[in-house]
Q: 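The structure's right below; bear with me while I get my questions together.
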Protein chains: 2
Amino acid sequence: MKDLPSINAVAELADVSIATVSRVLNKSKPVSEQTRLRVEAAVAQLGYRANPFGRSLAKAQSHLLLVLVPDFSNPFYSQIIKGIEAVTRRRGYKILIADDSNLWTDRAETLDLSYFRLVDGVISLTHLDERPELMAEMDTLPWVACSEYPSKGVVPHVSIDHRQAAVDAVQYLLNGGHKRIALITAEEDYLWAQQRREGYEIALQRAGIQVDPNLIRTANDLDYESGGQAAGSLLALPELPTAVFAMSDTLAIGVIKALRRKGKRVPEDIAVIGFDNLPLSSVFEPALTTIAQPMRELGEAAAQILLERLAGGTSESRTLAHRLVLRESA
Amino acid sequence: MKDLPSINAVAELADVSIATVSRVLNKSKPVSEQTRLRVEAAVAQLGYRANPFGRSLAKAQSHLLLVLVPDFSNPFYSQIIKGIEAVTRRRGYKILIADDSNLWTDRAETLDLSYFRLVDGVISLTHLDERPELMAEMDTLPWVACSEYPSKGVVPHVSIDHRQAAVDAVQYLLNGGHKRIALITAEEDYLWAQQRREGYEIALQRAGIQVDPNLIRTANDLDYESGGQAAGSLLALPELPTAVFAMSDTLAIGVIKALRRKGKRVPEDIAVIGFDNLPLSSVFEPALTTIAQPMRELGEAAAQILLERLAGGTSESRTLAHRLVLRESA
DNA sequence: CTGAAAGCGCTAACAA
DNA sequence: TTGTTAGCGCTTTCAG
């Protein structure tokens with residue numbers, strides 16, 4: 001394409017040394033008003049912008065951040081990333097997004113590890129246990145986990161209290177008089193899935209209700225169809241549940257559609273409660289009763305922690321508040 | 001954090017020159033079996049991975065691509081990006097995503113132009129007319145536009161035939177006997193909005209129906225509420241339309257909800273047709289009749305064109321096929 | 001306040 | 001087949 005001016009061109013035009021140009025560009029040392037103006041004029045005239053590779057090489061930092069995400073077309077994650085973006089951009093960082101989803105399906109492909117030489121830090125929304133090649137990079141760079149975090153270890157993380165949130169959801173159903181409450185869970189690789197399941201069990205036990213394994217289904221994925229399948233298998237039960245706690249709004253919607261197709265009314269015959277409070281959950285009919293996660297804030301908080309660490313600080317993990325949102329489905 | 005080994009460390013350990021190390025790393029020149037093995041052993045032992053900044057500086061290319069997107073949490077765009085990611089990752093490129101949405105609302109903020117010094121090429125999904133600071137970068141780097149493209153100029157682009165797609169949608173309604181067909185359009189900055197509107201007008205004219213400006217509403221945004229508002233104002237009309245063509249599925253859903261709230265049945269009282277075929281359009285009830293855009297393929301094609309250009313080739317613009325998807329809403 | 005020069009980690013031309 | 005060396009564009013001592 002076109003050859004771009006380098007710092008040398010600027011120095012020459014302004015009749016100063018490249019060191020001086022660097023100083024005015026970075027305000028790293030005092031420069032006399034007069035030469036500063038000359039340099040600025042030269043910069044403007046040439047349309048000069050620094051080559052980031054030269055800079056990164058010299059300073060050993062790139063102002064690039066890596067966001068590791070299981071699937072960024074999932075609205076839950078994309079909201080979080082919005083939050084991350086908003087705070088990092090303001091501080092002059094750019095984000096590199098690595099979508100991990102191909103990696104799960106396609107065992108052959110593994111995350112290109114050169115990502116980690118490129119960035120100053122990483123925010124991970126993905127599952128890390130059993131990913132030693134990723135965990136190894138935690139000695140190399142500052143990490144922060146968001147929403148999902150390694151079960152053991154010392155990575156600072158931001159998330160809601162999934163266990164308590166699940167207790168709240170199930171308690172709400174119990175308060176409504178439900179006794180046979182089904183659970184649609186996701187693959188329990190994810191820590192949040194385990195914790196929500198625990199919450200489900202705790203709430204039932206507190207109410208003196210025995211956990212019935214027949215009422216628990218594991219969805220293959222987090223999409224509508226998986227929810228529908230799980231609901232279908234629930235409908236085969238001799239005695240039906242009167243309520244369903246689905247671990248995500250997308251699952252809940254799949255469940256509701258499947259129930260309706262079989263002639264069940266929601267919430268009259270079977271109540272359904274979801275999780276996440278995605279934008280579409282208020283649009284779907286019946287509007288979803290669900291646990292709201294503060295997605296944008298999760299992302300913002302994670303970014304803030306990372307940025308502070310990058311600045312030499314040492315911020316800690318945070319737990320943000322969830323909220324029970326009452327609508328029509330339960 | 002931790003100091004990472006450089007190419008020097010490898011060279012020393014393998015007892016060769018750094019040039020040789022570089023050669024085995026890049027397979028750029030023949031190296032004897034024996035020394036190659038020594039180098040590889042050293043690399044493995046040290047866990048060496050090349051510093052991308054050194055490499056980029058020397059080769060003047062980064063294997064980074066920029067994706068400019070109006071709002072990546074919009075499922076339409078995130079599907080496209082999935083397509084882009086899939087093909088670029090396979091070729092060893094990483095993508096940097098710049099979300100333009102803050103820029104529209106927040107006039108103060110403007111896209112950090114240093115993005116363009118960092119990447120080898122750019123794929124733009126965003127509106128470029130009236131963005132001279134962006135257009136200027138087209139002389140600097142290879143660009144390809146996807147879905148949206150500059151009205152004039154020479155950027156290769158990938159999209160569907162929006163005009164024809166709109167004709168198809170409206171024709172379908174006409175075939176169903178509709179004569180009063182409303183249009184919910186979006187801000188017509190976007191070329192696709194203009195073209196779809198043209199398609200709407202063409203189809204009506206061909207049917208000998210006069211375009212009635214009273215039946216046309218411009219939504220403020222592409223979200224549910226905007227669709228609802230537009231529908232609300234349509235309902236104030238003395239004579240109601242019998243069908244609505246909404247320029248996106250999200251608008252269509254907003255429209256349907258607003259109509260229902262006013263006691264109108266869809267499609268019996270008013271038929272509604274959408275555009276895009278987002279995943280949720282088949283889940284919503286009534287399931288949306290809509291024009292399907294091949295989102296993933298759009299992204300893949302755009303990425304292929306860019307990659308070929310980067311490789312010295314000269315691929316051209318492509319128009320992909322759309323598809324009318326008949327479901328329940330019209 | 002300014003300039004010369006070393007060095008960041010790598011590639012590639014040139015020599016051997 | 002291998003090594004030496006000159007950059008790539010920038011930041012940062014170190015002198016002055």
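Reminder, nothing fancy here: chain letters follow the sequence lines and each chain counts from 1.
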Q: For a quick test of reading the model: is some side-chain N or O of Asn8(A) closer than 4.0 Å to OP1 or OP2 of dG9(D)?
A: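 For dG9(D), neither OP1 nor OP2 has a side-chain N or O of Asn8(A) closer than 4.0 Å.
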
Q: With nearest nucleotide decided by heavy atoms, which residue, Val31(A) or Ala58(A), maps closer to the 5′ end of DNA chain C?
A: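 Counting from the 5' end, the first nearest nucleotide belongs to Val31(A).
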
Q: Which residue lies toward the 5' end of DNA chain D, Thr35(B) or Ile18(A), if each is placed at its nearest nucleotide?
A: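 Closest to the 5' end, via its nearest nucleotide, is Thr35(B).
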
Q: Taking OP1 and OP2 of dG9(C), is either one under 4.0 Å from a side-chain nitrogen or oxygen of Arg55(B)?
A: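 False: Arg55(B) side-chain N/O out of range (4.0 Å or more) of dG9(C) OP1/OP2.
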
Q: Among the candidates dG3(D), dC14(C), dG9(C), find the nucleotide nearest to the side-chain atoms of Val16(B).
A: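 From the listed options, dG3(D) comes nearest.
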
Q: Taking only Lys NZ, Arg NE, NH1 and NH2, and the carboxylate oxygens of Asp or Glu, determine whether Arg117(B) and Glu137(B) approach each other closer than 4.0 Å.
A: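 Yes.
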
Q: So what does Thr20(B) hit on the nucleic acid, given a heavy-atom distance under 4.0 Å: a base, only sugar-phosphate, or nothing?
A: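 If one applies the 4.0 Å heavy-atom cut-off, Thr20(B) turns out to touch the sugar-phosphate alone, with no base involved.
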
Q: Examine dC8(C): is either OP1 or OP2 under 4.0 Å from a nitrogen or oxygen in the side chain of Ser56(A)? Give yes or no.
A: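 Answer is no, no contact under 4.0 Å.
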
Q: Do Arg318(B) and Glu316(B) meet the salt-bridge criterion of a basic N to acidic O distance under 4.0 Å?
A: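 The answer is no: the pair does not qualify as a salt bridge.
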
Q: Taking atom C1' of dG9(D) as reference, at what distance in whole Å does atom CZ of Arg49(A) sit?
A: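 For the pair Arg49(A) CZ and dG9(D) C1', the rounded distance is 16 Å.
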
Q: Just checking Ser28(B): base, sugar-phosphate only, or nothing, at a heavy-atom cut-off of under 4.0 Å?
A: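 Here Ser28(B) touches no strand at all.
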
Q: Base, sugar-phosphate alone, or nothing: which one does Leu25(B) contact when heavy atoms must sit under 4.0 Å apart?
A: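 The residue Leu25(B) makes no contact with any strand.
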
Q: Given dT2(C), dT2(D), dG3(D), identify the nucleotide with an atom nearest to the side chain of Ser32(B).
A: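 That would be dT2(D).
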
Q: Would you indicate what Ala50(B) reaches in the nucleic acid, counting non-hydrogen atoms under 4.0 angstrom: base, sugar-phosphate, or nothing?
A: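 Result for Ala50(B) = sugar-phosphate.
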
Q: Find the distance Glu12(A):CD to dG9(D):P and express it as a whole number of Å.
A: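 Spelled out: CD on Glu12(A) to P on dG9(D) is 13 Å.
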
Q: Whole-Å distance between dA15(C) C1' and Lys29(B) NZ?
A: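 Rounded to the whole Å, the gap is 11 Å.
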
Q: Over how many whole Å does the gap from Leu118(B) atom CG to dG9(D) atom C1' extend?
A: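 Taking atom C1' of dG9(D) as the reference, CG of Leu118(B) is at 14 Å.
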
Q: Rounded to whole angstroms, how far apart are CD1 on Ile7(A) and P on dA4(C)?
A: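 Rounded to the whole Å, the gap is 14 Å.
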
Q: Of all the nucleotides listed (dA12(C), dC8(C), dT2(C)), which has the minimum atom distance to the side chain of Ala19(B)?
A: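 My answer, after comparing the listed nucleotides, is dA12(C).
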
Q: Could you check whether Asp15(B) pairs with Arg38(B) (Lys NZ or Arg NE/NH1/NH2 to Asp/Glu carboxylate O, under 4.0 Å)?
A: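 A salt bridge is absent here (no side-chain N lies under 4.0 Å from a carboxylate O).
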
Q: Return the 5'-most residue of the pair Arg23(B), Leu57(B) with respect to DNA chain D, ranking by each residue's nearest nucleotide.
A: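 Taking each residue's closest nucleotide, the earlier one in sequence belongs to Arg23(B).
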
Q: State plainly whether the residues Asp99(B) and Lys82(A) are in salt-bridge range, i.e. N to O under 4.0 Å.
A: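 Lys82(A) and Asp99(B): salt-bridged.
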
Q: Looking only at side-chain N and O atoms, does Asn26(B) come under 4.0 Å of OP1 or OP2 in dT11(C)?
A: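 The answer is yes; a side-chain N or O of Asn26(B) sits under 4.0 Å from OP1 or OP2.
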
Q: Which nucleotide sits closest to the side chain of Ser22(A): dT12(D), dC10(D), dT4(D)?
A: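 Shortest atom-to-atom distance from the side chain points to dT12(D).
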
Q: Angle between ring planes, Phe116(B) versus Trp143(B), binned at 30° and 60°: parallel, tilted or perpendicular?
A: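 The rings of Phe116(B) and Trp143(B) lie parallel, inter-plane angle below 30°.
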
Q: Let me know the distance between CZ of Arg117(A) and C1' of dC10(C), rounded to the nearest Å.
A: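 In whole Å, dC10(C) C1' lies 15 Å from Arg117(A) CZ.
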
Q: State whether Lys152(B) and Asp129(B) are salt-bridged, where the test is any N-O pair (Lys NZ or Arg NE/NH1/NH2 against Asp/Glu carboxylate O) under 4.0 Å.
A: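 No, this pair does not count.
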
Q: Rounded to whole Å, please give me the gap between CG in Leu4(B) and P in dC10(C).
A: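 These atoms are roughly 10 Å apart.
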
Q: At under 4.0 Å between heavy atoms, what does Val21(B) touch on the DNA or RNA strands: base, sugar-phosphate, or nothing?
A: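 Nothing: the residue Val21(B), judged by heavy atoms under 4.0 Å, touches no strand.
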
Q: From CG of Asn51(B) over to P of dG9(D), roughly how many Å is that when rounded to an integer?
A: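 Answer to the nearest Å: 17 Å.
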
